[in-house]
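Below is one structure; the comments refer to it alone.
Proteins get letters first, then strands, A, B, ... in listed order; numbering begins at 1 in each. What you see below is based on every heavy atom in this structure, not just the backbone, and it leaves out hydrogens, waters and symmetry mates. Just so it is clear, the model here is predicted, and its values are computed rather than measured.
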Amino acid sequence: MAEHLPQYHSARERGYLLCTDCEKLHSISLEGGHCDRCGARLHSRIPNSLSLSWASLLAAVLLFLPANLLPIMTFKSFGQGEPNTILGGILHLLEQDMLLIGLVVLIASIVVPVLKIIAMTILLCTVQFRLQTNLRQKTIMFRIVEWIGRWSMLDIFVIGILVALVQLGNIAHIEGNDGATAFAVVVLLTMFSALSFDTRLIWDNRKPDLPSGVSDKKDEQ
Amino acid sequence: MHGTPEQLIACHECDLLLERVASQPGEDVICPRCHARLYYTTNNCIERLLALSVAGLILFIPANLFPILSLQVFGQSQSEIILQSAMSLYEGGLPLVALLILLFAVVVPLFQLIALFYISFTLHYRWQGRLLRQAMHSYQHLRGWGMLEIFLLGVLISIIKLKDIADLDIGLGLYSLGALILVITLSSIFFNPHQIWHEIHQHRQQDDTDG
């Protein structure tokens, strides 16, 4: 572990800011300027982090409806077949006793996006309403959400592969539908929401008069 | 408060101000407050990245030129390369989805490999690297947007979905894709931003004193 100074202080309180690209420490007076080592723009916190993150999240929630209600692809064989929604496709897999793969698609396409939206809401509320509890757990939750969110693109790739592969004219034919676009944008927006979120804002909530070390002993028990 | 900015470091996840301690190879320096990994030492970081990026660029060719899967039904056959997933969706009227697949499964991984090769080659052979900073920024900002491993899982799911309907052949492209993903994953493990930025800084100072 790195040596921590006698008292917990954020770099910002002590007049420093960290370059987010190369992690060189600068004086806070350089806010808005450029890092002399890597040339990146310097900000103590990501500008408009909270509004950008809320906006992307809200847009994702709204698009989540068409993404799940509109069909994502249609499988046609000898002129027959009907459009499938995300949930329809999963149920179809489960009916055919493909339990494991049905579960994988269920987790990637429904469980992960829903959990990600809930997790981002909790994190944004923490910052918005200056909540003081479980800060470390929330930081860990953010790391998990940030890492796992991209796996939701799985269904989009499956559609792409199936559409390219099953092009046998009348015999069998798969085409993509608009639900796929909505779903891809949902995943993209939740990724933007996590990307614009500055985890340091969670820790800025700490009451300045909190005696150092007290809350940490609590965390470690 | 004691110490100059050089002896201090701030946690990138919780902004805690800390005193810098030396890190031994294989040992991570962890933030005592939020447990984020602050910095660490990678042995032969540049050389490993050079080897891996060369391997990756070579593997990228068969992974994208040879078919991933071939499908046979009633004597008709259809084979697929990665790029075709994007093309078929574009032709099928879903241009945005097609664009995302093209970016996440082809463009971003290729661009990252090129950036990595440029960074490690320039630093290892001490060439004049005018674009070193730009290459580093692009590589760092594109982390997480290359999704070949998710594409591979998509291929496996497609195989299971189609195996009852048609005969499937696994192509050379799929094996190359597997190897490519291994190389890309290793390179992202050995990519040590602190060490590379430090090297770039020294590289630039050397250039300044030389000319």
Side-chain angles (χ1 to χ4, degrees), chain A residues 1-5 8-14 16 18 20-27 37-40 93 98 101 104-105 135-136 139-140 146 150-151 153-154 156-168 171-172 175-176 178 180-181 184-185 188 191 199-200 202-204 216, chain B residues 1 5 8-10 12-21 29-36 38 69 71 73-74 76 78 80 84-89 92-94 96-98 100-101 104-105 133 136-137 140 144 147 150-151 153-155 157-158 160-162 165-166 193-194 197 200-201:
Chain A
M1 288 210 179
E3 199 84 15
H4 68 80
L5 302 165
Y8 276 168
H9 283 293
S10 74
R12 184 158 77 171
E13 285 164 345
R14 284 286 156 181
Y16 293 109
L18 189 72
T20 40
D21 277 49
C22 75
E23 300 194 3
K24 184 180 174 178
L25 206 58
H26 295 274
S27 157
R37 183 162 76 170
C38 77
L93 284 170
M98 297 198 217
I101 153 178
V104 171
V105 180
L135 298 184
R136 186 180 289 161
T139 312
I140 294 169
E146 199 188 22
R150 46 207 284 282
W151 285 89
M153 283 299 286
L154 181 66
I156 297 298
F157 287 127
V158 172
I159 296 168
I161 295 157
L162 291 178
V163 169
L165 208 52
V166 188
Q167 292 291 346
L168 303 165
I171 303 172
E175 60 178 33
D178 288 337
T181 306
V185 177
L188 207 60
M191 285 179 76
T199 45
R200 292 172 292 190
I202 302 178
W203 296 89
D204 286 344
D216 286 278
Chain B
M1 183 59 53
L8 295 171
I9 187 171
H12 58 278
E13 285 200 36
C14 74
D15 209 33
L16 180 66
L17 196 61
L18 299 155
E19 257 170 40
R20 188 182 276 278
V21 293
V29 179
I30 307 285
C31 170
R33 186 163 72 169
C34 77
H35 294 183
L38 295 175
L69 282 177
L71 171 136
V73 187
F74 301 125
Q76 281 207 51
Q78 176 89 34
E80 193 230 5
Q84 266 165 335
S85 307
M87 275 157 54
S88 307
L89 283 174
L94 297 177
L96 188 66
V97 185
L100 291 180
I101 293 187
F104 296 161
R133 283 168 157 192
M136 269 300 276
H137 288 304
Q140 284 187 295
M147 301 189 185
I150 304 169
F151 187 89
L153 186 62
V155 174
I157 286 179
S158 308
I160 300 172
K161 275 191 171 186
L162 292 173
I165 313 169
H194 299 97
W197 277 118
I200 290 176
H201 184 60

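One N or O on the side chain of B/Q140 and one on the backbone of A/D21 form a donor-acceptor pair closer than 3.5 Å. Using a distance-only test at 3.5 Å, with no hydrogens or angles considered, no donor-acceptor pair links the side chain of A/R37 to the main chain of B/H201. Under a 3.5 Å cut-off, the side chain of B/H137 and the backbone N or O of A/C38 do form a donor-acceptor pair. With hydrogens and angles ignored, the 3.5 Å screen pairs a side-chain donor or acceptor of A/T199 with a backbone N or O of B/E13.
A pairwise comparison of heavy atoms in B/A10 and A/L18 identifies O-CD2, 3.5 Å as the closest pair.
In terms of heavy-atom pairs under 4.5 Å with chain B, the best-connected choice from A/V158, A/I161, A/V163, A/I159 is A/I161. If you tally non-hydrogen atom pairs under 4.5 Å between each of A/T20, A/D178, A/L154, A/T139 and chain B, the highest count goes to A/L154. Among A/K24, A/R150, A/E175, the residue with the largest count of heavy-atom pairs under 4.5 Å with chain B is A/R150.
The side-chain heavy atoms of A/L162 and B/L162, taken from C-beta on, include a pair separated by under 4.5 Å. Residues A/W151 and B/L153 are in side-chain contact: their nearest non-hydrogen atoms beyond the backbone lie under 4.5 Å apart.
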**Message:** Assess the residue pair B/S85 and A/F157 against the criterion (side chain to side chain contact (heavy atoms under 4.5 Å, CB included)); give the C-alpha distance rounded to whole Å, side-chain angles, the decisive distance to 0.1 Å, and a yes or no.
**Reply:** CA-CA 8 Å; B/S85 307; A/F157 287 127; over 6 Å; no
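Paired with A/Q167 under the rule side-chain contact (heavy atoms from CB on, under 4.5 Å), one option of B/Q84, B/E80, B/Q78 passes, and it is B/Q78.
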